[in-house]
Amino acid sequence: MKISIASDHAGFEQKQQLVDYLVSRGHDVADRGPDNDDRVDYPDYAALVARDVAEGRAERGVLVCGTGIGMAMAAGKVPGIRAANIVDAEFAVLCREHNDANVIALSGRFVDLKVNERILDAFLSTDFGGGRHAGRVAKIMELD
Ligand code: RB5
């Protein structure tokens with residue numbers, strides 16, 4: 001799958017590790033930065049990934065900051081984006097099945113790498129459930 005990924009300084013270390021993990025799983029990964037852990041503003045990087053997804057350059061987006069909260073808030077401002085801040089693999093399944101999330105925002109400070117890898121496995125392998133969820137997601141998108 002074509003995946004766009006970015007972080008801020010707080011998520012940088014895990015972002016690097018998650019890029020390697022995703023590549024090892026056969027994904028086509030565009031690393032949108034940063035390329036070091038100097039202090040940066042997370043909305044700048046959330047916008048790069050969100051626009052990649054919204055404009056069709058990537059099928060899914062992955063963001064990593066300290067908590068994932070700010071990244072999800074910023075990415076969700078881009079029309080076409082349904083961003084979910086996820087710290088648990090079961091929620092990763094549900095954000096796909098129920099909400100058709102196309103961007104995931106992870107915590108690099110409070111969630112272990114192995115847990116984030118399981119979260120990404122679930123996020124990338126779970127299909128949208130459609131059915132009763134489809135109209136609800138359409139109503140989310142009407143808010144754009
Ligand atoms: C940076 O200190 C921190 O605020 C950021 O990584 C993120 O957690 C924001 O939501």
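The figures here come from the full heavy-atom set of this structure, side chains too, leaving out hydrogens, waters and symmetry mates. Start at 1 and go down the list; that is how both ligands and their atoms are numbered.
- Per-residue contacts place G70 under 4.0 angstrom from the following atoms of ligand 1 (heavy atoms of the residue considered): 9 (C), 10 (O).
- Within ligand 1, the atoms closer than 4.0 Å to a non-hydrogen atom of G66 are 5 (C), 6 (O), 7 (C), 8 (O), numbered from 1 in the order shown.
- For the pair E13 and R109, the minimum side-chain heavy-atom distance is 4.5 Å or more.
- The main-chain N or O of T126 is found under 3.5 Å from a side-chain atom of R96 such that the two form a donor-acceptor pair.
- Checking D100, N99, V53 one by one against R82, the side chain to side chain contact (heavy atoms under 4.5 Å, CB included) holds for a single residue, D100.
- A side-chain donor-acceptor contact under 3.5 Å links D88 to the backbone of F91.
- Nearest protein heavy-atom neighbour of atom 1 (C) of ligand 1: H9 NE2, 3.8 Å.
- When atom types are taken as modelled, the side chain of N116 and the backbone of G108 share no donor-acceptor pair closer than 3.5 angstrom.
- Against a heavy-atom cut-off of under 4.0 Å, R109 is close to the following atoms of ligand 1: 2 (O).
- Checking N102, I86, L106, I104 one by one against F123, the side chain to side chain contact (heavy atoms under 4.5 Å, CB included) holds for a single residue, I104.
- Heavy-atom proximity to A10, at under 4.0 Å, picks out these atoms of ligand 1: 6 (O).
- For atom 8 (O) of ligand 1, the closest non-hydrogen atom of the protein is T67 N, 3.0 Å.
- Protein heavy atom nearest atom 5 (C) of ligand 1, with residue, atom name and distance: D8 OD2, 3.2 Å.
- Of all the listed residues (A105, C65, G11), C65 holds the heavy atom that lies closest to atom 7 (C) of ligand 1.
- Here the closest non-hydrogen pair linking A83 and G76 is CB-N, 4.1 Å.
- Distances below 4.0 Å separate heavy atoms of Y42 from the following atoms of ligand 1: 5 (C), 9 (C).
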